[in-house]
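This report concerns only the one structure given below.
Start at 1 and go down the list; that is how both ligands and their atoms are numbered.
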Amino acid sequence: MKQRIVVLGAGYTGMMAAHGIARRTRNADVTIVNPTELFDERLRQHQVAVGQDLVVHRIPDLVAPTGVSFVQGRATRIDAVNRGVVLADGQELGYDYLVYAIGSTTPRVEHAFTIDDPAFGQALRGNAEGVLAVCGAGLTGIEAAAEAAEAYPGLRVLLLSRGEPGSMMGPKARAYLRNVLDRLGVEVRTGVTVARVLPGAVELHGGERIPTDVTLCTTGVVQARLAADAGLAVDDAGRVTVDAALRSVSHPEVFAIGDAAAIRQAYGTIHGTCQSGIPTGAHAAESITRILRGKDPRPFRFGYIHQPVSLGRKDAVIQFTHPDDTPSRWYLKGGAAIAYKEAVSSSPLKFYRSRTAIPSALTKRSGGRRNRLAHLVERANLSPSEGSAR
Ligand SMILES: Cc1cc2nc3c(=O)[nH]c(=O)nc-3n(C[C@H](O)[C@H](O)[C@H](O)COP(=O)(O)OP(=O)(O)OC[C@H]3O[C@@H](n4cnc5c(N)ncnc54)[C@H](O)[C@@H]3O)c2cc1C
């Protein structure tokens with residue numbers, strides 16, 4: 001009897017898991033479920049928002065060569081007792097193993113847009129000479145502000161933030177980032193907290209009101225209640241709590257990966273990035289196929305490599321990091337950084353289109369020493385002349 005494996009969510013990590021399982025074993029029927037047929041390239045949402053003409057990828061085409069079945073639908077309930085998933089259209093899918101990979105979403109704020117909202121792009125086009133306020137200067141806020149300022153030179157772009165943009169980077173990369181934002185005309189206001197968004201204005205703590213035509217909120221992500229409602233153990237943020245092999249601590253037949261999982265490492269809980277999420281997908285695939293072969297799954301280990309930030313289409317900065325995501329002495333800027341960031345953004349799709357199985361060890365960097373992939377990436381892309389941050 002083939003095992004039934006359902007992967008919920010065909011984002012970066014779910015796709016990696018589905019491909020990994022299908023390429024490793026013939027002893028499983030793998031089904032991947034996603035609300036849309038088109039793959040959502042979250043890494044490029046800021047490009048989509050300013051109307052860039054990007055290649056679209058159909059999930060059925062991406063999974064077809066591996067034999068994975070695609071079901072279009074949104075899971076509305078997980079029956080963790082009887083091992084089934086119910087979709088919005090009433091369809092039910094039974095599973096022996098479930099991979100929970102539904103990612104995260106940006107919280108909706110009244111009178112403001114989120115980066116994934118198609119109406120944001122329309123609002124920008126309709127206010128190309130107006131004022132855009134971007135609330136939050138995390139990496140998504142920075143990328144959105146830079147992209148909008150470059151695409152719409154007549155637009156006044158305000159980046160509102162409590163802290164300095166790029167505060168997690170080393171001083172040189174951070175200074176470079178700030179210079180590029182200045183050059184693009186992005187007006188950065190730090191030390192401010194947005195209290196609320198009003199029609200046509202943003203109100204700061206303290207009462208100051210800033211008139212805006214378009215407001216974008218990029219302040220953090222939230223989790224769906226699907227796992228919690230199913231009785232799976234979740235952390236305070238609603239992410240599924242997993243063991244070292246990425247199995248739910250309450251329901252070991254459920255694996256959780258990517259933004260939707262709370263994954264502990266020696267330095268803390270992994271925060272949601274593609275960089276960390278894709279290795280979790282590869283590892284879940286390896287763990288499930290090991291279990292199917294009667295072997296114990298291995299513990300997951302991950303260390304960060306970089307903080308890549310695009311600054312419009314003509315500039316970028318990449319801060320290389322220690323495994324715990326603190327900045328190392330290396331960073332890239334300008335043309336080399338643009339090429340690096342593009343390689344980061346395009347490589348998942350290239351992999352899904354290829355037929356090669358990447359050993360999961362090659363997608364990770366262990367908590368201590370850098371592994372071969374990290375070593376090759378750094379060798380290929382860095383030279384001391386690119387600048388040391390300290
Ligand atoms: C503008 C932007 C730039 C970024 N840049 C970088 C970067 O340079 N490097 C980096 O490492 N990270 C970056 N990130 C973060 C990265 O995109 C996320 O960490 C990554 O997408 C998480 O992958 P995931 O598979 O967990 O979730 P997702 O990619 O969000 O995929 C989840 C999938 O599940 C589907 N889904 C949701 N609910 C259900 C349901 N109920 N039933 C079925 N399917 C469902 C969704 O539709 C989606 O297709 C960026 C994010 C943004 C927004």
Study note, to complete from the structure: among protein heavy atoms, the one nearest atom 48 (C) of ligand 1 is N34 OD1, 3.6 Å
Review point. For ligand 1, is there an atom lying under 4.0 Å from some heavy atom of D40?
Key: no
Point to revise | Residue pairs fulfilling salt bridge (charged side-chain N to carboxylate O under 4.0 Å, His left out) with at least one residue in residues 254-271, sequence neighbours excluded | key: R42-D259
Practice item. Count the heavy atoms belonging to other residues, nucleotides or ligands that lie under 6.0 Å from CZ of R26, then report whether that count exceeds 12. Key: no
Point to revise | Heavy atom of K341, distance to ligand 1 below 4.0 Å | key: yes
Check your understanding: When you measure from atom 34 (O) of ligand 1 to every protein heavy atom, which one gives the shortest distance, and what is it?
Key -> G9 CA, 3.3 Å
**Study point:** Closest protein heavy atom (residue, atom, distance) for atom 44 (N) of ligand 1
**Key:** P35 CD, 3.2 Å
Practice item. Starting from atom 3 (C) of ligand 1, find the nearest protein heavy-atom neighbour and note its residue, name and distance. Key: E143 OE1, 3.4 Å
Review point. Which residue holds the protein heavy atom closest to atom 27 (O) of ligand 1, what is that atom called, and what is the gap in Å?
Key: G103 CA, 3.2 Å
Review point. At what distance is the nearest protein heavy atom to atom 53 (C) of ligand 1, and which residue and atom is it?
Key: Q45 OE1, 3.4 Å
Practice item. Starting from atom 4 (C) of ligand 1, find the nearest protein heavy-atom neighbour and note its residue, name and distance. Key: L43 CD2, 3.7 Å
Check your understanding: Any idea which protein heavy atom is nearest atom 2 (C) of ligand 1, and the distance to it?
Key -> R42 O, 3.3 Å
Review point. Does ligand 1 have an atom under 4.0 Å from some heavy atom of V344?
Key: no
**Study point:** Close approach of A101 to ligand 1, heavy atoms, under 4.0 angstrom
**Key:** yes
Check your understanding: Does some non-hydrogen atom of G272 fall short of 4.0 Å from ligand 1?
Key -> yes
Exercise for review: For residues 229-241, pull every pair meeting salt bridge (charged side-chain N to carboxylate O under 4.0 Å, His left out), keeping only residues two or more places apart or in separate chains.
Suggested key: R225-D229, D235-R239
Practice item. Could you tell me whether E164 and R174 have a side-chain N and a carboxylate O separated by less than 4.0 Å? Key: no
